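Inspection log for the structure reproduced underneath, given as structure tokens.
Predicted model only: the values in this text are computed from it and were never measured. In this chain, residues are counted from 1 in sequence order.
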Amino acid sequence: MARLDLTARPRRNRKSTAIRDAVRETWLGPEHFIYPLFIHEGSDDIPITSMPGRSRLSPEGLLREAERAVALDLRALVLFPAIDESLKSAHGHEAHNDEGLIPRTIRALKQRWPELMVVTDVALDPYSSDGHDGILAPDGRILNDATVEVLVEQALCHARAGADIISPSDMMDGRVGAIRDGLDDAGFTDVSILAYTAKYASAYYGPFREALDSAPKHGDKKTYQMDPANVREALREVELDEDEGADMVMVKPAGPYLDVIRAVREATPLPLAAYQVSGEYAMLKAACERGWLDERKAVLESLIAIRRAGADVILSYFAPDAATWLREGRPW
Ligand code: PBG
């Protein structure tokens with residue numbers, strides 16, 4: 001029998017489940033997820049075509065889904081509202097209406113599950129008649145500083161309703177510092193900020209925009225969201241968000257940007273989140289529905305890869321599925 005004269009045989013550390021379990025470097029559990037949910041005012045749950053298994057939830061549908069999430073030991077939800085066209089405006093006033101869909105939903109969730117972390121998205125796109133994250137000048141430019149003023153109002157509205165974590169996703173400059181000051185001045189020193197620090201101008205948000213009917217009416221988001229070709233620029237955004245008082249930073253999308261997650265992980269001691277976005281969900285679902293991938297294995301692998309790259313927290317539409325599958329045992 002041929003025998004290679006090898007000192008090192010890495011396979012020895014893979015020879016049994018026990019040894020593989022002992023030397024595994026990365027862990028994935030329900031505590032790592034923030035579960036994104038779409039809500040609307042209607043009384044039915046409306047399926048989202050490009051996101052099989054996901055719906056725009058009615059208020060009752062949302063409470064049912066939150067109940068399921070809590071039972072699966074998920075600890076955090078993030079809410080995205082589909083707003084009726086009649087409530088949309090150029091300045092997105094509905095974004096800071098204390099009786100709006102988001103504040104009412106936050107109150108309902110916190111009343112029933114005080115321990116559940118409620119995360120809210122701060123940006124104007126669901127409320128903007130232009131479908132942009134900011135306010136438009138007559139010539140079509142997105143006005144940074146005027147937008148930040150409204151974002152502060154939106155953040156305060158969410159804090160008043162009881163949000164635990166405010167998550168600005170608009171990519172305006174200076175919004176983290178302005179929101180921190182606004183929250184502190186109003187006495188909300190315990191409300192956290194999870195900044196969408198490196199959010200790219202990505203095609204992978206397509207299904208989300210269908211879900212919320214929030215696609216830009218004109219133009220694209222390239223003057224505020226980041227260029228997919230860049231990574232050093234992400235580090236500059238991290239520095240600024242750190243200085244402005246972010247409690248956690250985020251990279252988005254996740255799967256196609258694992259190198260950015262790694263670079264940001266190495267650049268900051270802050271906890272890092274990554275968002276496995278709607279397009280990543282849609283791609284996996286499409287292949288799994290055709291039987292081309294094993295859903296449980298492929299999805300859990302996509303998630304452990306995001307953790308391995310350096311993310312502490314993952315925003316994923318697969319959160320309840322993953323929590324269910326992880327109870328049955330890990331595939332690795
Ligand atoms: C908007 C926002 C977007 C997502 C989260 N917040 C879309 C966009 O920037 O156009 C995308 C999430 C997803 O695709 O799952 N502020």
Polar side-chain atom of [X] near backbone of [Y] as donor-acceptor pair, under 3.5 Å:
| X | Y | result |
| --- | --- | --- |
| H132 | R141 | no |
| T120 | I166 | no |
| T105 | L101 | yes |
| E280 | G255 | yes |
| S278 | Y204 | yes |
| R307 | W27 | yes |
| S302 | V299 | yes |
| H158 | A155 | no |
| D294 | R296 | yes |
| T197 | A195 | yes |

Are [X] and [Y] close enough that some pair of their side-chain heavy atoms sits under 4.5 Å apart?
| X | Y | result |
| --- | --- | --- |
| R20 | W332 | no |
| D312 | R265 | yes |
| Q154 | D170 | no |
| P216 | R209 | yes |
| Q276 | L303 | yes |
| F80 | P36 | yes |
| D164 | V191 | no |
| V313 | L194 | no |

(message) Apply salt bridge (Lys or Arg N to Asp or Glu O under 4.0 Å) to residues E85 and K88 and explain how you reach the verdict.
(response) CA-CA 5 Å; E85 276 303 318; K88 296 187 184 184; 3.2 Å; yes
(message) side-chain hydrogen bond (donor to acceptor under 3.5 Å, both in side chains) for D184 and T189? Distances and angles first, verdict last.
(response) CA-CA 5 Å; D184 291 350; T189 50; 5.5 Å; no
[X] atom [atom1]: more than 12 heavy-atom contacts under 6.0 Å:
| X | atom1 | answer |
| --- | --- | --- |
| D5 | CG | no |
| R68 | CZ | yes |
| K217 | NZ | yes |
| D190 | CG | no |
| E266 | CD | yes |
| E242 | CD | yes |
| R232 | CZ | no |

(request) Using the side-chain contact (heavy atoms from CB on, under 4.5 Å) rule, pick out the option among I306, L258, V277 that qualifies with P253. (result) V277
Can you tell me how far [atom2] of [Y] sits from [atom1] of [X], rounded to the nearest 0.5 angstrom?
| X | Y | atom1 | atom2 | value |
| --- | --- | --- | --- | --- |
| L212 | Y205 | CG | OH | 13.5 Å |
| I48 | R56 | CD1 | CZ | 7.0 Å |
| S58 | D45 | OG | CG | 4.0 Å |
| D247 | L270 | CG | CG | 8.0 Å |
| S89 | D130 | OG | CG | 9.0 Å |
| E153 | H91 | CD | NE2 | 13.5 Å |

(message) I'd like to know whether F208 forms a side-chain contact (heavy atoms from CB on, under 4.5 Å) with M51, so could you lay out the CA-CA distance, the side-chain angles of the two residues, the decisive distance to 0.1 Å, and finally the verdict.
(response) CA-CA 8 Å; F208 175 99; M51 298 181 75; 5.5 Å; no
(request) Identify, with sequence neighbours excluded, every residue that meets salt bridge (charged side-chain N to carboxylate O under 4.0 Å, His left out) alongside D213. (result) none
(message) Could you go through E301 and R308, starting from their C-alpha distance and side-chain angles, then the distance that decides it, and tell me whether this counts as salt bridge (Lys or Arg N to Asp or Glu O under 4.0 Å)?
(response) CA-CA 10 Å; E301 186 174 330; R308 188 198 62 236; over 6 Å; no
(message) Test side-chain contact (heavy atoms from CB on, under 4.5 Å) on D133 and M171; report intermediate values, then the result.
(response) CA-CA 8 Å; D133 291 28; M171 292 302 280; over 6 Å; no
(message) Using the rule given for salt bridge (Lys or Arg N to Asp or Glu O under 4.0 Å), can you reason through D21 versus R24, listing the C-alpha separation, both sets of side-chain angles and the distance that settles it, and then say yes or no?
(response) CA-CA 5 Å; D21 284 353; R24 184 163 301 115; 3.0 Å; yes
Donor-acceptor list for residues 322-331 side chains, cut-off 3.5 Å, not counting sequence neighbours:
| residue | atom | partner | partner atom | Å |
| --- | --- | --- | --- | --- |
| T324 | OG1 | P320 | O | 2.7 |
| R327 | NH2 | A71 | O | 2.9 |

(request) Check the pair K199 / E237 against salt bridge (Lys or Arg N to Asp or Glu O under 4.0 Å), numbers first and verdict last. (result) CA-CA 10 Å; K199 175 173 179 178; E237 290 283 3; over 6 Å; no
(request) Evaluate the criterion side-chain contact (heavy atoms from CB on, under 4.5 Å) for residue pair D241 and R175; output intermediate values, then yes/no. (result) CA-CA 9 Å; D241 284 352; R175 91 281 206 211; 3.9 Å; yes
Which atom pair, heavy atoms only, marks the closest approach of [X] to [Y]?
| X | Y | result |
| --- | --- | --- |
| T268 | V238 | CB-CG1, 3.8 Å |
| I135 | T147 | N-OG1, 2.9 Å |
| Y224 | I142 | CE2-CG1, 3.6 Å |

Tell me, please, which residues at least two apart from [X] pass side-chain hydrogen bond (donor to acceptor under 3.5 Å, both in side chains).
| X | result |
| --- | --- |
| E149 | none |
| R14 | none |
| Y275 | Y317 |

(message) If the condition is ring pair (Phe, Tyr, Trp, His ring centres under 6.0 Å), which residues does F33 pass it with, not counting sequence neighbours?
(response) none
(message) If hydrophobic clusters are built from ILVMFWY residues whose side chains come within less than 4.5 Å, do L240 and M172 share one?
(response) no
(request) Test E41 against R104 for side-chain contact (heavy atoms from CB on, under 4.5 Å), laying out the working first. (result) CA-CA 11 Å; E41 296 281 5; R104 277 185 282 120; 2.6 Å; yes
(message) Can you tell me how the ring of Y281 sits relative to the ring of F318, calling it parallel under 30°, perpendicular over 60° and tilted otherwise?
(response) tilted
